[in-house]
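All remarks here apply to the structure that follows.
Numbering starts at 1 and runs along the sequence shown. Worth saying up front: this structure is predicted, and the values here are computed from it rather than measured.
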Amino acid sequence: MLYIVKWIYSWLLPLGGIVLALGLLAAYQRRRQSAGVKWLAAVVLVLYALSIVPVSNWLLRPLEQEYEQPAAQALDGDVIIMLGGGVLAGVPDVDGEGQLSGAAANRFLTALRLHRALGLPLLLSGGKVLPDDASESAVARRMLLSLGAAESMIYTDEESRNTAENAAFSKAICEANGWRRPIVVTSAFHMERAAYLFRREGLDITPYPCDYRAGTGISLYSFVPQASVLADSCLAIKEYVGLAAARAGLQ
């Protein structure tokens, strides 16, 4: 009964309720033979498809499987580069202000664990995208220091605003410090584009994907539209567009 109630709730609350309402509206318009019903039905179908787990996983999996996550003991690098993935400004944290978003927090945790396992310096790449944003690198640096990382092992790039700038500015910092074998940590769905742009800069990187989104479990709830799943589908589409733009020289 618990699962039935949760399933019903999923169809009443957004995003399920919106898809259901639009579907009922499309059915009503079809009965009235209203013009544009086919377009409405198409919008409902696309919105529903992008909001369910099987379709989202289908979009994400080719991106996330492009690079396998190597065993930590097999890594041969001289610096760990963590790419920014979002930050929330103006909110309280344990020892300061500003916090990393979900993707950035997962990347942060992975980079910290690798740092402790390998003893390599950390390069935090990511600045302010908009003037009122917090600096991703500054927030991550504060968190690393509070968790006991040595200040001498932390380097920051607070200027980059996108992946192309991550690669370009990281290259300059690597060259200044004599690093030649960087380990790049970013979300698995983002790794293919990041690796392409870093290698375009001439860096001999080892990709270390994390923050996976496409799981293997499928249940009844996998076919209920969910806002978080829609967001993952949008991330995948953004990556395909971004990768095409990078290969076309537009980034």
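- Contact check for Glu97 versus Val91: no side-chain heavy atoms found under the 4.5 Å cut-off.
- When the side chains of ILVMFWY residues are joined at heavy-atom separations under 4.5 Å, either directly or via intervening members, Val79 and Met82 end up in two distinct hydrophobic clusters.
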| said: Tyr155 vs Leu124, test: side-chain contact (heavy atoms from CB on, under 4.5 Å). Steps then yes/no. | reply: CA-CA 6 Å; Tyr155 298 77; Leu124 311 173; over 6 Å; no
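- Interatomic distance, CD1 of Ile154 versus OG of Ser137, reported as 11.0 Å (0.5 Å rounding).
- Between the side chain of Ser51 and the main chain of Pro225, no donor-acceptor pair closer than 3.5 Å is present.
- Contact check for Met143 versus Asp93: side-chain heavy atoms found under the 4.5 Å cut-off.
- Of the charged side-chain nitrogens involved, none lies within less than 4.0 Å of a carboxylate oxygen, so that Glu158 and Lys128 do not count as a salt-bridged pair.
- Atoms CG and CH2, from Leu123 and Trp179 in turn, are 6.0 Å apart once rounded to the nearest 0.5 Å.
- Of all heavy-atom pairs spanning Ala195 and Tyr67, the tightest one is CB-OH, 3.6 Å.
- The CD atom of Glu66 sits 13.0 Å away from the OH atom of Tyr196 when rounded to the nearest 0.5 Å.
- Remark: Arg142 does not engage Glu136 in a salt bridge, criterion side-chain N to carboxylate O under 4.0 Å.
- Minimum interatomic distance between Gln226 and Tyr221 (heavy atoms only, all atoms of both residues): NE2-O, 3.2 Å.
- Each of Leu230 and Leu235 belongs to its own hydrophobic cluster when Ile, Leu, Val, Met, Phe, Trp and Tyr are linked at side-chain heavy-atom distances under 4.5 angstrom.
- The same ILVMFWY cluster, assembled from side-chain heavy atoms under 4.5 Å apart, contains both Val139 and Ile80.
- The environment of CD in Gln69 is crowded: more than 12 heavy-atom neighbours from other residues, nucleotides or ligands sit within 6.0 Å.
- Between Ser125 and Glu159 the shortest side-chain heavy-atom distance does not fall below 4.5 Å.
- Under the 3.5 Å distance criterion, the side-chain polar atoms of Glu239 are left unmatched by any main-chain donor or acceptor of Leu60.
- Clustering ILVMFWY residues whenever any of their side-chain heavy atoms sit less than 4.5 angstrom apart, transitively, puts Leu112 in the very cluster that holds Leu145.
- Put simply, the side chain of Arg181 never gets that close to the backbone of Ile205: no donor and acceptor are under 3.5 Å apart.
- No donor-acceptor distance shorter than 3.5 angstrom exists from the side chain of Asn166 to the backbone of Gly84, with no hydrogens or angles considered.
- A distance of 9.5 Å separates OG in Ser56 from CD1 in Ile52, rounded to the nearest 0.5 Å.
- Using a 4.5 Å heavy-atom cutoff, the side chains of Pro207 and Val184 are not in contact.
- Distance check, rounded to the nearest 0.5 Å: CD of Glu64 to CE of Met191 gives 11.0 Å.
- Using a 4.5 Å cut-off between side-chain heavy atoms of Ile, Leu, Val, Met, Phe, Trp and Tyr, with links allowed through other members, Ile183 and Phe108 fall into the same hydrophobic cluster.
- One N or O on the side chain of Ser222 and one on the backbone of Ser219 form a donor-acceptor pair closer than 3.5 Å.
- Here the closest heavy-atom approach between residue Ala194 and residue Thr186 is recorded as CB-CG2, 4.2 Å.
- Residues Pro62 and Tyr240 have side chains in contact (heavy-atom distance under 4.5 Å, counting atoms from C-beta outward).
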| task | Check the pair Phe223 / Ile218 against side-chain contact (heavy atoms from CB on, under 4.5 Å), numbers first and verdict last. | result | CA-CA 9 Å; Phe223 296 90; Ile218 296 292; 3.9 Å; yes
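- Around CD of Glu165, the count of heavy atoms belonging to other residues, nucleotides or ligands within 6.0 Å exceeds 12.
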| task | Show the numbers, then the answer: is there a side-chain contact (heavy atoms from CB on, under 4.5 Å) between Ser187 and Asn106? | result | CA-CA 8 Å; Ser187 300; Asn106 285 334; over 6 Å; no
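- Residues Leu120 and His115 fail the side-chain proximity criterion, which asks for heavy atoms closer than 4.5 Å.
- Other residues, nucleotides and ligands contribute over 12 non-hydrogen atoms within 6.0 Å of the CZ atom of Arg61.
- Of all the heavy atoms in Ala134 and Ala89, the pair that sits closest is N-CB, 3.5 Å.
- Residue Val185 comes nearest to Ala111 through the heavy atom pair CG1-N, 4.3 Å, listed as atom of the first residue, atom of the second, then distance.
- Closest approach of Cys210 to Thr110, counting heavy atoms only: CB-OG1, 3.4 Å.
- Atom OG of residue Ser160 and atom CD1 of residue Ile173 lie 8.0 Å apart, to the nearest 0.5 angstrom.
- At least one side-chain heavy atom of Leu243 sits less than 4.5 Å from a side-chain heavy atom of Glu192.
- Defined by atom type and a distance below 3.5 Å, a donor-acceptor pair is missing between the side-chain atoms of Arg141 and Thr156.
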| task | Might you work through the side-chain contact (heavy atoms from CB on, under 4.5 Å) test for Arg116 and Leu147, ending with a clear yes or no? | result | CA-CA 11 Å; Arg116 289 182 172 174; Leu147 290 169; 3.9 Å; yes
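- Looking only at distances, no side-chain donor or acceptor of Asn177 sits under 3.5 Å from a matching main-chain atom of Cys174.
- In terms of modelled atom types and a separation under 3.5 Å, the side chain of Ser101 and the main chain of Gly86 share a donor-acceptor contact.
- Between Asp204 and Arg180 the shortest side-chain heavy-atom distance does not fall below 4.5 Å.
- For Arg113, the CZ atom sits in a loose shell: 12 or fewer heavy atoms of surrounding residues, nucleotides or ligands are nearer than 6.0 Å.
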